[in-house]
Every structure is written in C-alpha cells, then in structure tokens.
Amino acid sequence: MRVVSIVGARPQFVKLAPVAKAFADAGIDHQIIHTGQHYDVNMSDSFFQELGIPDPDLHLGVGGGSHGVMTGRMLEQLDPVLEEMAPDWVLVYGDTNSTIAGTLSAVKMHLRVAHLEAGLRSFNRRMPEEHNRVLTDHAADLCLAPTRVAMEHLADEGLAARSVLVGDVMTDVCLQVRDSVLANPRPVPGVEAGEDYVMATIHRADNTDDQSRLEHILDALGSLDRKVILPVHPRLRVRAEADGITIARGNLTTIDPLAYPDMVNAVVHASGVVTDSGGLQKEAFLLGTICTTVRTETEWVETVDNGWNVLDPDAGRLAELATRPAPAGDPGHPYGDGHAAREVARVLAEHA
Ligand code: UD1
C-alpha cells in the first residue's frame, strides 16, 4: 500500500511525526509532499529534524500570498505529482490551505483521500480553517476522527458511514516528547532558572489583523503579574511590522518561534498558557497546564469541560484567568491513549 501525506504548515509537521513512524513500522510505502506553506527554518525544517521526520520526497515551494493564490498554486503543482505517484491513499491533515489543496487535487483525479483530524468544528465561518475542514470532510473518502465529539459532528452532517474514530495523533507525539524533555532538562528561552512565567502565542488572523484589537491583547499580556514569554509567529511579526507595533511591553517578552520539544518543555513548566492556537490549547491540557484562550469558541471542547481551558474572547479577564489555580479532579483521557497513529495505519490498510 502506498500513502502520500500532504503537509505544509507547522501543526501538520507535528501530526506527521507519529504517523510517519507508524507507517514505517507497518511497512507502508509512504511518501511526503511539503507544499511550502510554512518556509522559515524554525517554522518547518527544525520540526522535521527535532521530530525525526523523514525529509519530504517533494517540496513544492508554495508559500505566502492570499488564501486563493496560495491554494491555487498548490493545486496547479499537485495535479501532475499525484498522478505520477498514484497512491492508494492521499492523507491530508487538519485544516490549513495545504489540506484543502491536497484534497481537491486528489479527489478530482479519483484518488482516495483520508482526512486526519476530521470532524472538528468551531462553527465560526469567519475562520478560513472552518471552511477548509468542512469542505475536506465532505470530499474525503475516509474521515479519521480524533474524538467522540468529532464523530458526532460527522454523523450530524451525514458522514457517519465513512468516519472512523482513531484517537488524536497529537497525543502520541506530545506525551512522547514530554517524557523526553522531563528526562533531559533544558532551559526555557527568556526565563531564569526558577522564575515563574506564562507562555503565550497569538497568531489567528482575527487577533492579529485588527490593529486596535492586537494592541489591546498585547497590553493585557504585558500587564500580567509575572513574565510572559511570546514566541512570535510570522503572521504576527508581519502584521506588527506593517502596523508599526512593538510587540514587547511591560512583562511581555518576545522570542523566536520554538522547536516542538522546546515548546513542550516551556508549557510543562509554565504557570499558565494564553493562546489562540488550537493545538496549544490541547497540548496545555495534555501537559497539565491551565490555558486561557483568546477566541470566541474552541474546536477542542473537551479542554473547557472541567475548567482546564477558559475562553476569554476579548482578553478582558486575563489578569484574573491567566494564572488561576488548576482545577481539582482527573481531567480524563478524551484525546486517546497515545497510540492513534498506529490505528491510522491499521485503518488505512483495512480500507485499502
Ligand atoms: C496557518 C493555518 C492555521 C494554523 C497556522 C499554524 C491556514 C488557512 N491557516 O496559518 O490554521 O494554525 O498555519 O502556524 O492555512 N509566513 C512566513 N514564514 C513562514 C510561514 C508563514 O513568513 O514560515 C508568513 C506568510 O508569508 C504569511 C503569514 O506568515 O504572510 C501567514 O502565513 P499563512 O501560511 O498564510 O497562515 P498562518 O497564519 O501561518
């Protein structure tokens, strides 16, 4: 069986890591196409190196531009490549422009598509990711869902017959990397040994692209009662430069984007996380660190169920929320047991 994985953005490299390993263990002929959506060394190459992912078989070099331009360029390049590779499955990940481009190219050539992380919904149609994930689920031949809630969304949309619950591959990689960084202590950039701090990330278009909203969020972070470390995502860097905004202020310190193990290490030891990232909300949950999410909703609803994650859409309550005490009680294991990638390999082979 031949599977072609199409990835392009940072969170997809994280998901690819356990999948590539499980495919190698299962003897699957696996090829990797990198669209080039994320191209900075510390947004892309460092993830392949640090997570031991095989080098992509093909790099399309398509990054930047509007959503339509980026997606269109990817489509143009993917058609001949997928035709030549002729895989049994095209595997697409998550909800980015690389996901929808890979899906569209494949289905129009009658290649079968499996969507990993299917069934997530924010129900916020302002988010480009919401369109990407809904359209991908409906075009895919197999929807590989991470959670029961995702399975329910797929069933609600008439997709139950082609949906399978496999668990969450991010759990696989997050728990493995946690064990390795705890066994090999490393410093957190910008933090003195023993110093208390909050980890923050802000990169969603809704938060970065409106100047006064961005200023308000940065002010709120800078006013927290302890150091706040913010690795600056390229979208934030580009927008802040264009608007003449200096990101660092008050207690808010900026650093470059972190490699995955450094981020896991920083979150494990932080007193809280403030973010608008989907993946980081869940990583904080898995790592036992409280999270405050600067969005109106979350796809990862299990994280908010018992107070580990709290939504603060306008960053108006950060002073009170960002360092609140952790909730009591067992948060359970809604994201699986850390063996989802093995299940992905098994399910693809079963349906080949
Ligand atoms: C994309 C995904 C988002 C995901 C995020 C993770 C879509 C629609 N969104 O958003 O779901 O959470 O990745 O990081 O696909 N840039 C660089 N260097 C890079 C990457 C990007 O300079 O390595 C610049 C781009 O040129 C662009 C901006 O950053 O100006 C945004 O990048 P883009 O890939 O469009 O979307 P993200 O905001 O990263």
Side-chain angles (χ1 to χ4, degrees), residues 6-17 33-49 51 56 59-75 78 92-104 115-118 120-122 124-137 170 199-210 214 217 230-243 245 247 254 256-260 263 273 275-284 291 293-295 297-300:
I6 301 178
V7 292
R10 184 169 61 173
Q12 294 169 325
F13 311 141
V14 177
K15 292 163 202 165
L16 172 62
I33 302 178
H34 186 323
T35 62
Q37 178 170 351
H38 285 173
Y39 46 88
D40 287 357
V41 169
N42 55 12
M43 294 293 286
S44 174
D45 303 17
S46 82
F47 283 74
F48 280 77
Q49 284 151 18
L51 293 173
H59 197 295
L60 304 182
V62 177
S66 67
H67 290 277
V69 166
M70 189 196 289
T71 311
R73 284 196 190 128
M74 289 176 192
L75 272 172
L78 280 168
V92 294
Y93 299 68
D95 55 19
T96 74
N97 293 336
S98 301
T99 316
I100 188 69
T103 303
L104 281 178
H115 182 207
L116 186 70
E117 215 175 68
L120 291 188
R121 296 290 181 265
S122 68
N124 175 355
R125 291 170 61 83
R126 280 184 52 83
M127 287 177 73
E129 292 82 7
E130 183 72 356
H131 299 286
N132 290 341
R133 55 172 87 99
V134 170
L135 294 171
T136 297
D137 281 339
M170 278 185 73
M199 275 312 282
T201 74
I202 294 293
H203 79 279
R204 292 269 160 216
D206 260 0
N207 285 335
T208 59
D209 294 6
D210 174 330
L214 177 58
I217 294 170
L230 179 85
V232 180
H233 183 284
R235 172 180 284 281
L236 174 58
R237 188 191 66 221
V238 169
R239 291 306 313 187
E241 275 167 16
D243 293 340
I245 292 175
I247 299 169
T254 59
D256 284 338
L258 292 177
Y260 187 73
M263 192 64 180
V273 164
T275 191
D276 58 5
S277 152
L280 193 55
Q281 291 171 48
K282 198 175 50 193
E283 280 151 3
C291 181
T293 297
V294 186
R295 280 180 50 191
E297 74 291 304
T298 177
E299 300 82 21
W300 302 106

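Throughout, numbering of the chain's residues begins at 1 and tracks the sequence. Ligands are counted one by one from 1 in listed order, and the atoms in each one are counted from 1 as well. No hydrogens, no waters, no symmetry mates; every other heavy atom, side chains included, goes into these values.
In the model, D276 has a side-chain atom that pairs as donor or acceptor with a side-chain atom of N207 under 3.5 Å. For the residue pair T96/Q12, the side-chain donor-acceptor check at 3.5 Å is satisfied.
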* Assess whether side-chain contact (heavy atoms from CB on, under 4.5 Å) is satisfied between D209 and R235, documenting all intermediate values. => CA-CA 9 Å; D209 294 6; R235 172 180 284 281; 3.2 Å; yes
* To do: Might you work through the side-chain contact (heavy atoms from CB on, under 4.5 Å) test for E299 and R133, ending with a clear yes or no?
  => CA-CA 11 Å; E299 300 82 21; R133 55 172 87 99; 3.3 Å; yes
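Here the options are Q37, H34, H59, Q49, the test is side-chain hydrogen bond (donor to acceptor under 3.5 Å, both in side chains), and the partner is S44; only H34 passes.
Protein residues having at least one heavy atom under 4.0 Å from any atom of ligand 1 are A9, P11, Q37, H38, Y39, D40, M43, G64, H67, M70, D95, T96, N97, E129, N132, H203, R204, H233, P234, R235, R237, listed by chain and number.
A centroid separation of 6.0 Å or more is found between the aromatic rings of H38 and F13.
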